[in-house]
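First the structure, in the form of C-alpha cells, and then the observations on it.
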Amino acid sequence: MNKQEIRKVILKSGKDQSLRRFHPWVFSGAIKKTEGNPVDGDLVQVFDNKGEFLALGHYQIGSIAIRVFSFSDIVPDREYWTGKIRSAYNYREALGIAGSASTNIYRLVYAEGDAMPGLIADFYGGTLVLQFHSVGMYLIRDVLTDAFSEVLGDSLKAVYDKSKFTLPPFKGAPSENKWLMGEKGDISGLEYDNKFMISVEGGQKTGFFIDQRENRKLVGAMAKDRKVLNMFGYSGGFSVYALRHGADLVHTVDSSASAIEMAGQNMALNFPDTVKHEAIVADAFDYLDREGGNYDMVILDPPAFAKRRNALHQALQGYKRLNAKALRSIQKGGILFTFSCSQVVSRENFRKSVFVAAANAGRTVRIIRQLSQPADHPVNIYHPEGEYLKGLVLYVE
Ligand code: SAH
C-alpha cells in the first residue's frame with residue numbers, strides 16, 4: 001500500500017447521524033474542522049463532535065467531501081482490499097453470476113453497492129475494466145489491481161483503466177486511459193450463452209451495458225413471432241436475445257454509427273446467416289415518427305435524460321414525449337419495454353411520465369412487469385442513491 005498518512009475530520013454537532021445509519025457520504029457542510037490539511041484522495045478518519053470514531057474514507061474537495069468505505073477503524077492495506085474484492089466476488093458467485101459457464105460478463109464491483117465508493121469494475125471474459133470515480137480509489141489502483149489478480153487468479157488476463165473522463169481534475173489526474181495489466185486483445189464474452197464483442201476502449205461506459213442482462217432475457221421470453229424495434233440499441237444486446245428466441249424481424253436503431261456497426265457485428269457473431277436483422281443509424285424521435293407503426297414490440301432504453309437534479313423537469317418531459325411517440329405508433333397487442341437510467345428520476349416519477357404519455361396517446365395500457373437493475377449492481381440498503389435503473393413492460397391494446 002502506498003504510504004498515505006491518515007488525516008482527521010471532525011464533524012459538526014448533530015452531523016454524525018447519517019454515518020451512524022451507515023450512509024457512506026459526508027457532505028462538506030457537515031465538517032467542523034480537519035487536521036493535517038487533507039487534499040484530494042487522502043485517507044481520512046471521521047470523528048463526531050465529541051471525538052468518537054465513526055468511519056474511514058477518502059477525502060475529496062466537493063459537495064461529497066468523504067466517501068466512506070469502512071465503519072471500523074481498520075488498516076486499509078492490500079490484504080484489506082483483497083478481502084473486500086473477494087467478498088464482492090463471493091456474493092456474485094453465490095448468486096450464480098460469477099463462475100457461471102453461460103455468462104462471463106458481469107459487474108464485479110459496484111461502488112457503494114459493494115462498500116467501495118468510487119470504484120466500478122466490469123469483467124468481460126477475462127478483461128477487467130476499472131472506472132474510478134474518486135481520487136482516493138484512483139491513487140490505490142495498483143493495490144487494487146493486485147487484489148483483483150489475487151481474487152480472480154488465472155481467469156484474469158488484462159486490466160484496463162478507463163477513468164480519464166470520470167475523475168474530477170486534480171494534480172496527477174490521468175491524461176489517458178490505459179492498460180494496467182496484460183494487453184489489449186479481442187475482448188468478448190458470453191451472456192446467457194449469447195456472444196458479444198466488447199469495445200472497451202472505444203465504446204460507451206466500460207464497453208457494454210451489463211445492467212440490462214436480466215431485462216434482455218425477459219425480452220427474449222416475449223419476442224417470439226414479433227416484429228421488434230430495439231431503439232437506443234447500442235451494440236445490439238436486446239436484439240440478439242429477441243432473434244435468438246424467435247422474433248420475426250429485429251431492427252436495431254441508434255444515433256451513433258459506431259454503435260450500429262457493433263450491433264451488426266454482434267448479430268453476425270451469433271447468427272451468421274440471418275436476414276431478419278437490420279441495423280439503422282437514426283434519431284429516435286424521427287424514426288418513431290416515420291416507422292414506429294411497423295412494430296409490435298418496442299424497446300426504449302435511452303441514455304440518462306437527467307444527469308443532475310436541476311434537469312429533472314426537462315428529463316420528465318423527454319420521457320413523456322418519447323413514450324407518447326412509441327405508444328401512439330406501436331401495433332395493437334404490442335409490447336413496450338421502456339426504461340430510465342437517470343438516477344435523479346424516481347421510479348414513481350418515471351411511471352407518472354409514462355402514464356401521461358399513455359393518456360396523451362389515448363391507448364389502453366396494462367403494466368405487465370416492473371423492472372430494475374440486476375444483482376451485480378446491488379443497492380446498499382443504507383444508500384438508496386445506488387438505485388438508478390427502472391423499467392416498465394406494457395401491453396398496449
Ligand atoms: N440498450 C443498450 C444501451 C443503450 S445506451 C444496451 O442494452 O446495450 C443509450 C444509447 O442511446 C447509446 O448507444 C446512444 O448512442 C443512443 N442515443 C443517444 N441519443 C439518441 C437519439 N436521440 N436517438 C437514437 N439513439 C440515441
Side-chain angles (χ1 to χ4, degrees), residues 103 105-107 122 124 129 187-192 194-200 202-220 223 228-244 250-267 269-270 277-292 295 297-307 311 314-315 317-326 329 336-343 345 371-374 376-377 388-393:
T103 299
I105 296 175
Y106 61 89
R107 177 155 290 186
D122 286 345
Y124 296 115
V129 183
I187 302 159
S188 64
L190 288 177
E191 195 188 80
Y192 288 125
N194 297 296
K195 295 178 209 142
F196 290 101
M197 295 292 299
I198 312 290
S199 175
V200 161
Q204 299 181 31
K205 306 273 175 174
T206 65
F208 194 61
F209 291 85
I210 301 176
D211 55 0
Q212 289 288 23
R213 179 180 54 242
E214 302 307 317
N215 302 330
R216 286 194 269 261
K217 195 176 175 190
L218 191 62
V219 160
V228 180
L229 170 60
N230 180 11
M231 180 53 79
F232 307 96
Y234 186 54
S235 59
F238 284 105
S239 302
V240 168
Y241 282 70
L243 202 56
R244 173 89 62 214
V250 181
H251 291 165
T252 308
V253 177
D254 200 290
S255 59
S256 149
S258 59
I260 284 305
E261 196 182 319
M262 288 191 274
Q265 285 165 358
N266 280 326
M267 228 24 157
L269 190 64
N270 289 278
H277 178 249
E278 215 177 301
I280 302 148
V281 180
D283 170 73
F285 292 86
D286 293 346
Y287 190 85
L288 284 169
D289 279 342
R290 272 198 334 261
E291 310 284 344
Y295 305 96
M297 179 182 265
V298 175
I299 300 143
L300 297 178
D301 184 23
F305 281 168
K307 298 231 160 68
Q314 222 187 328
Q317 292 305 113
Y319 289 119
K320 272 180 221 164
R321 222 159 63 81
L322 178 68
N323 282 282
K325 278 193 193 299
S329 57
L336 175 65
F337 278 75
T338 181
F339 295 97
S340 161
C341 62
S342 307
Q343 191 269 334
V345 173
L371 306 176
S372 61
Q373 62 212 56
D376 53 344
H377 296 59
Y388 67 97
L389 184 62
K390 306 151 283 287
L392 293 169
V393 190

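Counting starts at 1 for both ligands and their atoms, in listed order. We use all heavy atoms of the structure for the numbers below, so side chains are in, but hydrogens, waters and symmetry mates are not. Since the model is a prediction, treat every value here as computed from it, not as a measurement.
- Note on ring orientation: taking the six-membered ring where Trp is involved, the planes of F196 and Y241 are parallel (angle under 30°, cut-offs 30° and 60°).
- Among V200, D122, V129, I198, the single residue meeting the side-chain contact (heavy atoms from CB on, under 4.5 Å) criterion with F208 is I198.
- Protein residues are said to neighbour a ligand when one of their heavy atoms lies under 4.0 Å from it; for ligand 1 these are Q204, F209, R216, F232, G233, Y234, F238, D254, S255, S256, A282, D283, A284, D301, P303.
- Partners of K205 according to the side-chain contact (heavy atoms from CB on, under 4.5 Å) rule, which considers only residues two or more places apart in sequence or in another chain, are F209.
- In the model, T338 has no side-chain atom that pairs as donor or acceptor with a side-chain atom of Y319 under 3.5 Å.
- Taking every heavy atom of both residues into account, P302 and F339 meet most closely at CD-O, 3.5 Å.
- Relative to the ring axis of F285, R321 places its NZ or CZ within 45° and under 6.0 Å from the centre.
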